[in-house]
Protein chains: 2
Amino acid sequence: MKTEHTLIDMETLERIAPVIRHTAHPIRLRILDFLANEQMPCNVTHIVEACQQSQAIVSQQLRILKDQGVLEAKRHGNQVYYQVVNHNVLLLLDCIRRH
Amino acid sequence: MKTEHTLIDMETLERIAPVIRHTAHPIRLRILDFLANEQMPCNVTHIVEACQQSQAIVSQQLRILKDQGVLEAKRHGNQVYYQVVNHNVLLLLDCIRRH
DNA sequence: TTTCAAAATAGTTATATTGCAATATAGAAC
DNA sequence: GTTCTATATTGCAATATAACTATTTTGAAA
């Protein structure tokens, strides 16, 4: 008896692969790990500290994650707070912890 | 009471991110999904069929996955059989199925 | 309205990745 | 050896990504 073959279709793979690919970057993973730990929206300054990278670089990475629909941003006066909205990508972090 | 912060260290992220990044590619995910389904080493011709791509392209993708330590190849006479050896990356497929 | 802090964007250069066509290698069979 | 089948590699050209510096925008406060 052979196991049923139901491969994920290519359209799905083509749609999701870029999200994972864009997420699989050291700084961006750090951002996600940090936000997941904090369990609340955090402002950019706070995230910059957690990453130990320049503000410009972190801001770029935040934008990439936002473009991929992984994060969402909300401005409160002077500051912008980011939070994870695609919680599936957090599975990547579990995947890494188990490595 | 605040939750303990133990972020994954940057060295680990820098080491693992490329593996995930190289895996997050439509054809390479398809290869993994196929091999995971077959549950046994498969030869290149078989994999090419599953991918519906040219032999050259599939061969390139196989090499990339091998370089990343995701797959291993064994030659038997004329043919080369590939199998998944880093089973952690299969979590990506679960991650995609849940999307 | 000037100033300041927070965050985003632009511009640039270097490097990596992709897809594809052509060619090469490895082993089996004759 | 020659031929055939299976697989790998090479060389491009196009495109994408990375890192970094400098500059700009935004909103708050003086």
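Chain letters run A, B, ... following the sequence lines, proteins first and then strands; every chain starts at 1. From a predicted model like this one, the values you see are computed outputs, not experimental measurements.
- Atom CZ in Arg21(B) sits roughly 10 Å away from atom C1' in dT17(C) (whole-Å rounding).
- To the nearest angstrom, P of dT18(C) lies 12 Å from CG of Asp67(B).
- Between Lys66(B) and Ile27(A), the residue anchored closer to the 5' end of DNA chain D is Lys66(B), taking for each the nucleotide with the nearest heavy atom.
- One finds no side-chain N or O of His25(A) lying less than 4.0 angstrom from the OP1 or OP2 phosphate oxygen of dA16(D).
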Between N or O atoms, less than 3.5 Å apart, protein on one side and nucleotides 25-30 of chain D on the other: list the pairs.
none

Original post:
Stepwise, does the side chain to side chain contact (heavy atoms under 4.5 Å, CB included) test hold for Val44(B) with Val48(B)?
Top reply: CA-CA 6 Å; Val44(B) 177; Val48(B) 167; 3.9 Å; yes
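- Using a 4.0 Å cut-off between a side-chain N of Lys or Arg and a carboxylate O of Asp or Glu, Arg28(B) and Asp33(B) do not qualify as a salt bridge.
- Residue Thr45(A) places at least one side-chain N or O under 4.0 Å from the OP1 or OP2 atom of dA7(C).
- Remark: the backbone N or O of Leu7(B) is not paired with any side-chain donor or acceptor of Arg30(A) at under 3.5 angstrom.
- In this structure, the nucleotide among dA19(D), dT7(D), dA8(C) sitting nearest to the side chain of Tyr82(A) is dA8(C).
- In this structure, Tyr81(B) places its OH atom 15 Å from P of dG27(C), rounding to the nearest Å.
- Considering only side-chain N and O atoms, His22(A) lies under 4.0 angstrom from the phosphate OP1 or OP2 of dT17(D).
- Of the possible polar contacts, one joining the Thr23(A) side chain to the Val19(A) backbone as a donor-acceptor pair under 3.5 Å is found.
- In terms of heavy atoms, Asn86(A) sits closest to Gly69(A) at CB-O, 3.5 Å.
- Closest approach of Asn88(B) and Cys95(A) over heavy atoms only: O-SG, 3.6 Å.
- The nearest whole Å value for the distance from the CD1 atom in Ile64(A) to the P atom in dT17(D) is 8 Å.
- His46(A) and Tyr81(A) have their aromatic ring centers separated by at least 6.0 angstrom.
- A salt bridge between Arg98(B) and Asp94(B) is absent, with no side-chain N of the basic residue lying under 4.0 Å from a carboxylate O of the acidic one.
- If you measure from atom NZ of Lys74(A) to atom P of dA6(C), you get 22 Å, rounded to the nearest angstrom.
- Results of the side chain to side chain contact (heavy atoms under 4.5 Å, CB included) test with Gln53(B) over Ile27(B), Ile31(B), Ile47(B) single out Ile27(B) as the only residue that passes.
- Between Asn43(B) atom CG and dA28(C) atom P there is a gap of 14 Å when expressed in whole angstrom units.
- What separates CZ of Arg63(B) from C1' of dA24(C) is a distance of 14 Å, to the nearest Å.
- Of all nucleotides listed (dG19(C), dT9(D), dA8(C)), dG19(C) comes nearest to the side chain of Gln61(B).
- As rounded to whole Å, 7 Å separates atom P of dA8(D) from atom CG of Leu62(B).
- A sub-4.0 Å separation between OP1 or OP2 of dA18(D) and a side-chain N or O of Arg28(A) is present.
- In terms of polar N and O atoms assigned as donor or acceptor, the side chain of Gln55(A) never comes within less than 3.5 Å of the base of dA6(C) in a complementary pairing.
- Nearest heavy-atom pair across Gln39(B) and Ala36(B) is CG-O, 3.2 Å.
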Heteroatom pairs (N/O) under 3.5 angstrom, protein to nucleotides 11-13 of chain C:
none

